[in-house]
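Below: the structure, in structure tokens.
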Amino acid sequence: MLEPLIFFALGLAVGFINNIAGGASALSLPVMILLDLPPTVANGTNRFGMLIGVLSSVFNMKRYGYLRMNIAKTLLLPTIIGALFGTLLVMAIDDTGFQGLLAVVMVFVAIMSSLGIDPLGKPPEAPPAKPGIKAFLGFMAVGLYGGFLQVGVGFIQIFALRKYSGLDLKHVNAIKNFMTIWILLISSIGLFFAGKIIFSLAFCMAFGGILGGYFGSKFQHKHDHIWIKRVIQTASIGLAAKLIYDLAA
């Protein structure tokens, strides 16, 4: 009886955090692994559980007027292509390899989330009409990473979208969440066929994610999200250390 409640609460937290900051998988995946789910099964269950929460968030952000569909549509193709290749990679990796990569990436997520919003230079004053070849390849790489490891992809998307569009964080977050739907959908389908999803737990997480996405979108509409990043940075380093310890033991 306790396990469904844990995954419901996990989905609630993930839906809330992903909507306003990104990076919640850096918390949920290690927790699921510490609850004795094999790393690749935790990965698949986590993604499917997140999907409905992200849908809830996008619906609300669109209702508030933050989702710029004209920009999102131009970036959809490279994101989908990248996510397809990334999903093929994650289906091929074993539990030990995934856990080791996860620990390294979580430390990177903690470092990356503490950087300034424009580490690659000044963004444009107005979004371009369509992506050039560099932007196409860049967002394809983001989709590939999202389909493969997915942890911290929200931060990467925020950096890339800010650099590409010059929009404020609320509009960027709305586009990020729209793109994330497609990454999660593609990778969840692949991991389903690989037998890496426990649906009873994923649905508990999804129900929590619906509420988390709803409250997260309302919170973002009224508040800032810097404190969420600080929580993710601290927890990511601690949980990464635990994963490395378990691998070495």
Output for pair (Phe207 CZ, Cys204 SG), nearest 0.5 Å, gives 7.5 Å
Intermediate values then yes/no, side-chain contact (heavy atoms from CB on, under 4.5 Å), Phe98 and Leu29: CA-CA 11 Å; Phe98 183 82; Leu29 264 181; 4.1 Å; yes
Is it true that Val153 and Leu88 fall in one hydrophobic cluster, defined by side-chain heavy atoms closer than 4.5 Å? no
Run the side-chain donor-acceptor check on residues 136-144: report pairs under 3.5 Å with partners two or more places apart or on a different chain.
none

Please round to the nearest 0.5 Å and tell me the distance separating atom CG of Leu77 and atom CH2 of Trp182. 11.5 Å
Thr87 and Gly190 have their tightest heavy-atom pair at CG2-CA, 3.9 Å
Verdict with reasoning, Leu167 to Leu161, per side-chain contact (heavy atoms from CB on, under 4.5 Å): CA-CA 8 Å; Leu167 295 173; Leu161 286 167; over 6 Å; no
Ile181 vs Asn177, side-chain contact (heavy atoms from CB on, under 4.5 Å): CA-CA, chis, key distance, verdict: CA-CA 6 Å; Ile181 288 174; Asn177 289 342; over 6 Å; no
Looking only at heavy atoms, which two atoms of Val172 and Ser165 are closest? And how far apart? CG2-OG, 4.2 Å
Under the criterion side-chain contact (heavy atoms from CB on, under 4.5 Å), I'd like the reasoning laid out for Asn43 against Leu191: C-alpha separation, chi angles, the key distance, then a yes or no. CA-CA 9 Å; Asn43 182 35; Leu191 291 166; 4.1 Å; yes
Heavy atoms, side chains only, cut-off 4.5 Å: are Pro4 and Leu201 in contact? no
Residue pair Ala206 / Ile52: nearest heavy atoms and the distance that separates them: CB-CD1, 3.7 Å
Side chain of Asp95, backbone of Thr40: donor and acceptor closer than 3.5 Å? yes
Would you say the ring centers of Phe48 and Phe199 fall short of 6.0 Å from each other? yes
With the side chain counted from C-beta on, respond yes when Phe16 and Leu211 share a heavy-atom pair under 4.5 Å apart, and no when they do not. no
Does one hydrophobic cluster hold both Met205 and Ile183, with members joined at side-chain heavy-atom distances below 4.5 Å? no
To the nearest 0.5 Å, what is the distance between OH on Tyr145 and CD1 on Ile156? 5.0 Å
With rounding to the nearest 0.5 angstrom, report the CZ to OG distance, Phe7 to Ser200. 8.5 Å
Report the C-alpha separation of Ser187 and Arg47 in whole Å, then their side-chain angles, then the decisive distance to 0.1 Å, and conclude whether the side chain to side chain donor-acceptor pair (under 3.5 Å) test is met. CA-CA 8 Å; Ser187 58; Arg47 294 187 194 212; 3.2 Å; yes
Which atom pair, heavy atoms only, marks the closest approach of Gly147 to Val90? O-CG1, 3.6 Å
Would a 4.5 Å heavy-atom cut-off, applied to side chains only, mark Leu149 and Leu89 as touching? no
Note, Met50 side chain near Asn46 side chain (heavy atom, < 4.5 Å): yes
A quick test of your reading: do over 12 heavy atoms of other residues, nucleotides or ligands sit less than 6.0 Å from CZ of Phe8? yes
What distance do Leu51 atom CG and Ile189 atom CD1 have between them, rounded to the nearest 0.5 Å? 9.0 Å
Quick check: do Ile80 and Leu84 have side-chain heavy atoms less than 4.5 Å from each other? yes
Taken in chain and number order and not counting sequence neighbours, the residues that satisfy ring-ring contact (aromatic ring centres under 6.0 Å, His included) with Phe59 are none
Within 6.0 angstrom of Phe193 CZ, more than 12 heavy atoms from elsewhere: no
Would you say the side-chain atoms of Thr74 pair up with the backbone N or O of Ile71, donor to acceptor, closer than 3.5 Å? yes
When you compare the side chain of Gln150 with that of Leu184, does any pair of heavy atoms fall below 4.5 Å? yes
Rounded to the nearest 0.5 Å, what separates atom CD1 in Ile158 from atom CG in Asn173? 4.5 Å
Between Ala174 and Leu67, which heavy-atom pair has the shortest distance, and what is it? O-CD1, 3.5 Å
